[in-house]
Amino acid sequence: MFGFRKKKSEEDSTSAPEASGEESSGPARESWFQRLRKGLAKTGQVLGADLGTLFQRRIDDELFEELEERLLLADVGLDATRRIMDRITREVKRGDLDNAEALMEALEAAMVEILEPVSRPLEIPAAERPFSILVVGINGAGKTTTIGKLAHHLQRDGHSVLLAAGDTFRAAAVEQLQTWGERNNVTVIAQGTGADSASVVYDGLQAAQARGIDVMIADTAGRLHTQTNLMDEVRKVKRVMGRLDEHAPDEVLLVVDGGTGQNALNQARQFHEALGLTGIVVTKLDGTAKGGMLFALADQIGVPVRFIGVGEQAEDLQTFDARAFVRALLGRDGD
Ligand SMILES: Nc1nc2c(ncn2[C@@H]2O[C@H](COP(=O)(O)OP(=O)(O)OP(=O)(O)O)[C@@H](O)[C@H]2O)c(=O)[nH]1
Ligand SMILES: [Mg+2]
C-alpha cells in the first residue's frame, strides 16, 4: 500500500512518484528498494558484504562458521541463526547446493522463511471507521515521528487522519505532533500537559467518529516495559477506547528502535503481554548494524512487522516486505 510491493519495472524507475512513496522533488529520486538497501547498509556490511566471493570458496565447515558468525554479529540471535544454518546444512548434505548461486539462494530462502509469517502489511478495512491505532513503546523509540510519517502515508493513500496527543507527559510531545499536524493539515486533539492520557485519546476517538474520519492515531508517552504503573496507564487508555467503540483499538502498534537489537525482544514480549500487540514498527535501522534483530523478533515474538524505518524522510517509513528486506541485506537486487 505504501509503494512497497511494486513490480520490477517500477522499482527501477527513479521518476515514478508512487515508487518512492513521495512526490518527485528534485533530481533523480531513488526507488524504494534503493532507499531500503541504503538504509540497511550498516547491517548489510556485517551480513552480506562480499558474500558472493565468500561463497565461491569451497563449501566447507569454515564457510559455515563464517556465515554463522555474521548472522550472530548482525543480531539475528541464536535461535533464528540456528534455524537458518540447519536448513542450509540439510540442503548441502542432500547435495542440492554445489555452487555459489545455489548457496546464496538457499540462504535467502532460509532467511525469508523466518520473516514471511510476520510480513503482513497493515490493512484498513473499509468497514471499520474510524480505524483506530494506539501507538506504544519505550522513550525515544520513534513513536511520534513514526505517527507523523504514517499519517502522511495514509493521507497519500486517500485516508482522512486525525491524531490524538496522548503523550501528556512532555509538553514538547504535544507540540511535536501539532507542528506536524499543521504542516499536513491534520487535526490534532490535545489537552494540556499533565492531562489524563486516556481522556485525550477518548476525545480523539470521539472527534474522529463525529467527523467521519477514516483513521485515528493515538500517541502515548514513552514508558519502560518494566514500569508497572505506566504499563497500567496505557492499559487503561486501551480499555477506555474500547468503551467508545467495541473494536477499538483496531491496531496496537509497538514502536521499537532497531538499534537496541536483542533488547527490543524483551520490550516486545512485555508490551505484548500487557496489551496484546497487533503490529510492530522497527525504526532507525539506518543507524545500526543490528538489523538482524528482525529475525529474532519474527522467530520469538511472531507479531506482524507492519513498517520499518530506514531514514529520516517520510518515505523512509516502508511497508515491511520479507523478501525485499532479505535481498537488500544480502546485497541482491530488488526483483
Ligand atoms: N535515523 C532515523 N531516525 C529516526 C527514525 N525514526 C525516528 N527517528 C528519530 O528518533 C528520535 C526520537 O523520535 P521520537 O519520534 O521523538 O520518539 P518517541 O518514541 O516519540 O520518544 P518519546 O516521546 O520521548 O518517548 C528523533 O530524533 C527521530 O527523528 C528512523 O527510522 N531513522
Ligand atoms: Mg513521542
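Atoms within a ligand are numbered from 1 in the order they appear, just like the ligands themselves. All values below come from the heavy atoms of this structure, side chains included, with hydrogens, waters and symmetry mates left out. Starting from 1, each residue takes its place in the sequence as its number.
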**Complete:** atom 15 (O) of ligand 1 sits nearest the protein heavy atom Thr145 OG1, 2.4 Å
**Thr220, any N or O under 3.5 Å of ligand 1 N or O** = no
**Item:** Which residue and heavy atom of the protein sit nearest atom 3 (N) of ligand 1, plus the separation
**Value:** Glu312 OE1, 3.7 Å
**Asked** From Asn263 CG over to Lys290 NZ, what is the distance, rounded to the nearest 0.5 angstrom?
**Response** 7.0 Å
**Message:** Which of the numbered atoms in ligand 1 are under 4.0 angstrom from any heavy atom belonging to Gly311?
**Reply:** 30 (C), 31 (O), 32 (N)
**Item:** Among Lys284, Gln318, Gln313, closest by any non-hydrogen atom to atom 8 (N) of ligand 1
**Value:** Lys284
**Item:** ligand 1 to Ala221 polar contact by distance, N or O atoms, under 3.5 Å
**Value:** no
**Message:** Quick check on Ala141 - does any of its heavy atoms sit under 4.0 Å from an atom of ligand 1?
**Reply:** yes
**Message:** Quick check: Gly140 and ligand 1, any N/O pair under 3.5 Å apart?
**Reply:** yes
**Request:** Could you check atom 23 (O) of ligand 1 against the protein and tell me its nearest heavy-atom contact, residue, atom and distance included?
**Result:** Arg170 NH2, 3.2 Å
**Request:** Find out whether Glu101 and Glu105 are in side-chain contact, i.e. whether some heavy atom of one side chain is under 4.5 Å from a heavy atom of the other.
**Result:** yes
**Request:** Please confirm whether the backbone N or O of Pro117 pairs with a side-chain atom of Arg120, one donor and one acceptor, at under 3.5 Å?
**Result:** yes
**Prompt:** Can you tell me which residue and heavy atom of the protein come closest to atom 17 (O) of ligand 1, and the distance to 0.1 Å?
**Reply:** Gly142 N, 3.0 Å
**Request:** Report yes if Gln176 has an N/O atom closer than 3.5 Å to an N/O atom of ligand 1; otherwise report no.
**Result:** yes
**Item:** Residues Gln191 and Ser199: side-chain donor-acceptor under 3.5 angstrom
**Value:** yes
**Prompt:** Do side-chain atoms of Ser197 reach the backbone of Gly166 as a donor and acceptor pair under 3.5 angstrom?
**Reply:** yes
**Message:** Check the orientation of His152 and Trp180. Use parallel for under 30°, tilted for 30 to 60°, and perpendicular for over 60°.
**Reply:** perpendicular
**Prompt:** Between Thr81 (side chain) and Glu68 (backbone), is there a donor-acceptor pair under 3.5 Å?
**Reply:** no
**Prompt:** For the side chain of Thr260 and the backbone of Asp257, is there at least one donor-acceptor N/O pair under 3.5 Å apart?
**Reply:** yes
**Message:** Side chain, backbone, both or neither: which applies to Asp286 and ligand 1 if a contact is any heavy-atom pair less than 4.0 Å apart?
**Reply:** side chain
**Fill in**
Heavy-atom proximity to atom 6 (N) of ligand 1 ranks first, among Thr283, Val310, Asp167, for Thr283
**Item:** Per-atom contacts of ligand 1 with Gly309, taking only distances under 4.0 Å to non-hydrogen atoms
**Value:** 31 (O)
**Request:** Check whether any side-chain N or O of Arg223 sits under 3.5 Å from a backbone N or O of Ala221 as a donor-acceptor pair, and report yes or no.
**Result:** yes
**Request:** Check for a donor-acceptor pair, side chain of Asp75 on one end and backbone N or O of Gln262 on the other, with a separation under 3.5 Å.
**Result:** yes
**Prompt:** Going by the order shown, which atoms of ligand 1 are within less than 4.0 Å of some heavy atom of Gly222?
**Reply:** 25 (O)
**Prompt:** Does a donor on one side chain sit under 3.5 Å from an acceptor on the other, for Asp219 and Thr144?
**Reply:** yes
**Presence of N, O or S from Gln176 under 2.8 Å of the Mg ion (ligand 2)** = no
**Fill in**
the protein heavy atom lying closest to atom 25 (O) of ligand 1 turns out to be Lys143 NZ, 2.8 Å
